[in-house]
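What's counted below: heavy atoms across the whole structure, side chains too, no hydrogens, waters or symmetry copies. The first residue in the sequence is number 1, and the count goes up from there.
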Amino acid sequence: MGRLSVMAYTFGALFFVVSCSFSIFYGVKVVTHDLPSEKKAQEKYNYHFVLVPEELDNEYWRLVEKGAKAAAKDYGVMLEYVGPKQSNIDDHLKAIEMSAASKVDGIMTQGLSDEQFTPLINRVIEKGIPVITVDTDASNSKRMAYIGTDNYYSGYLAGKALIADTKGKANVAIITGSFYKNHQIQRVKGFEDAVKAESGIQIIDVQESDISRVQAAEKAYQILQEHPEVNAFYGTSALDGIGIAQVVQKYKNNGNIYIMAFDTLPETLTYIQKGIINATVVQEPYEMGYEAVIMMIDIIEGKKVPSIIHTNTKILKVGDLPPSHPDRMEARY
């Protein structure tokens, strides 16, 4: 055998040995390698909950989500935030159905319509999955508990504040997020009951915004065109007051139109600071989300929880804002 042949065979043998060594090394590494970090993280969760909002990108529901995620982190819960991108009851119901089909440990959602949500919630409960309603109750269902605003009372507060601020004399237009959703219906009814005994308060028109600031603005403009006597507005969703304020600022910037809004989104607080929105109903979405997670854990662990917990509601005006950085209020409510 020639010298070149010997060298070739020697190189081939070394290459074979090295290749085998690498194969064995990486084979062992694959078998003994730690599981992916995601799986590891999942193993640390005590429960798997789903929060289904009215619409994912609604600023108000982002605060509910923020509170729920903080509680989930504190108590070792895997929390999913799923639902329609824009308010749509059919998509909302599908999100609940899909969550139940995936056999999660608990579902937190709104009870927007008795007719549609009550039978679905009951079916989910019958499958052994607890349901808590948040922000909007489905009181006729078998839901385990409700946490959120007393929506009738919040509307009543709004009405009483408007009476006091306008000295009992106002032609009011109401823009509500929906004619068919329980919480919006209750906010209108509470307001109407608060003002019905006041002869100087007249409700001129009630329009629907579909919980859209654009539609709220369109309806406010339409009302002002058709009813020039209107000198007060009440918006029942977080985006209604903002839409109304945009129109009043642009077309009626004379300080003669009173606006009662809902919630403390940064834009709402800015309009209050500017004097365009006169007052707003304060809710506690962060608290709702945080406490809902704790309630769900208690239910699963067999602890007794109240069937209804109403979070605080009050009226906020410009004098209630801190002297600087009013948008910091968002974190509190």
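The closest side-chain donor-acceptor pair between Q110 and D135 falls under 3.5 angstrom. Between the side chains of D150 and Y156, no donor-acceptor pair is found at a separation under 3.5 Å. A side-chain donor from one of Q207 and D205 sits under 3.5 Å from a side-chain acceptor of the other. A donor and an acceptor atom, one from each side chain of T149 and Q283, are located under 3.5 Å apart. S141 and T118 are not linked by any side-chain donor-acceptor pair at a separation below 3.5 angstrom, with hydrogens and angles left out of the test. A donor and an acceptor atom, one from each side chain of S178 and Q184, are nowhere located under 3.5 Å apart.
Not less than 6.0 angstrom separates the ring centroid of H310 from the ring centroid of Y153. Ring centroid separation for the pair F233 and Y258 does not come in under the 6.0 Å cut-off.
Although no hydrogens or angles enter the test, the distance criterion places a donor-acceptor pair under 3.5 Å between the side chain of N171 and the main chain of E229. Without hydrogens or angle criteria, K219 side chain to E208 main chain gives a donor-acceptor distance under 3.5 Å. Judged by distance alone, the side chain of T280 and the main-chain N or O of L316 form no donor-acceptor pair under 3.5 Å. At distances below 3.5 Å, at least one donor-acceptor pair connects side-chain atoms of Q202 with backbone N or O atoms of S199. Remark: the backbone N or O of N140 is not paired with any side-chain donor or acceptor of D114 at under 3.5 angstrom.
G241 approaches I277 most closely through the heavy-atom pair O-CD1, 3.8 Å. Of all heavy-atom pairs spanning L162 and A170, the tightest one is CD2-CB, 4.3 Å. Of all the heavy atoms in A216 and L239, the pair that sits closest is CB-O, 4.2 Å. Nearest approach of P84 to D91, heavy atoms of both residues: CB-CB, 3.7 Å. Taking every heavy atom of both residues into account, I175 and S209 meet most closely at CG2-CB, 3.8 Å. Here the closest heavy-atom approach between residue K317 and residue A279 is recorded as CG-CB, 3.9 Å.
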Practice prompt. Tell me, with the steps shown, if Y152 and D193 meet side chain to side chain donor-acceptor pair (under 3.5 Å).
Written response: CA-CA 9 Å; Y152 175 87; D193 287 352; 2.7 Å; yes

Item to complete: Verify side chain to side chain contact (heavy atoms under 4.5 Å, CB included) between I315 and V282, making sure each step is shown before the conclusion.
Response: CA-CA 6 Å; I315 301 297; V282 175; over 6 Å; no

Worksheet item: What do the steps show when you test I294 against Y75 for side chain to side chain contact (heavy atoms under 4.5 Å, CB included), and what is the final call?
Response: CA-CA 8 Å; I294 296 174; Y75 290 90; 3.8 Å; yes

Practice prompt. Begin from the C-alpha positions of L51 and T109 and carry the test side chain to side chain contact (heavy atoms under 4.5 Å, CB included) through to its verdict.
Written response: CA-CA 6 Å; L51 174 62; T109 188; over 6 Å; no

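Looking at L157 and V281, their side chains never come closer than 4.5 Å, going by heavy atoms from C-beta outward. Residues I211 and E54 have side chains in contact (heavy-atom distance under 4.5 Å, counting atoms from C-beta outward). Within the 4.5 Å cutoff, the side chain of I89 has heavy atoms near those of the Q116 side chain. The shortest distance between side-chain heavy atoms of V172 and I204 does not fall below 4.5 Å. The shortest side-chain heavy-atom distance between K181 and S113 does not fall under the 4.5 Å cut-off. By the 4.5 Å heavy-atom criterion applied to side chains, E55 and W61 are not counted as neighbours.
Salt bridge R143/D137: present, at least one basic N to carboxylate O contact under 4.0 Å. The pair E218-R213 does not count as a salt bridge, with every side-chain nitrogen at least 4.0 angstrom from each carboxylate oxygen. Note on R62 versus E59: no salt bridge recorded, every NZ/NE/NH1/NH2 to OD/OE distance being 4.0 Å or above. Checked for salt-bridge contact, K94 and D90 miss the test: no charged N lies under 4.0 Å from a carboxylate O.
Counting heavy atoms of neighbouring residues, nucleotides and ligands inside a 6.0 Å radius, atom CZ of F179 exceeds 12 of them. Applying the 6.0 Å contact sphere to OH of Y47 captures more than 12 heavy atoms from other residues, nucleotides or ligands.
I107 is connected to I299 through a chain of hydrophobic side-chain contacts under 4.5 Å among Ile, Leu, Val, Met, Phe, Trp and Tyr, so both are in one cluster. Hydrophobic clustering, with ILVMFWY side chains joined whenever heavy atoms are under 4.5 angstrom apart, groups M288 together with V77. A single hydrophobic cluster is seen to contain both V230 and V247, as judged by linkage of ILVMFWY side chains at heavy-atom distances under 4.5 Å, directly or through other members. Connection of I242 to I259 is established within a shared hydrophobic cluster, with ILVMFWY side chains joined at heavy-atom distances below 4.5 Å, either directly or through further cluster members. Criterion: ILVMFWY side-chain heavy atoms under 4.5 Å apart, direct or through other members. Under it, Y146 and M296 are not part of a common hydrophobic cluster.
L265 contributes atom CG, which lies 6.0 Å from atom CG of D263 (distance to the nearest 0.5 angstrom). To the nearest 0.5 angstrom, F49 atom CZ is 6.0 Å from D105 atom CG.
F262 is linked by a ring-ring contact (aromatic ring centres under 6.0 Å, His included) to nothing, counting only residues two or more places apart in sequence or in another chain.
Ring geometry for H92 against F117 counts as perpendicular: the plane angle is over 60°, on a 0 to 90° scale with 30° as the lower cut.
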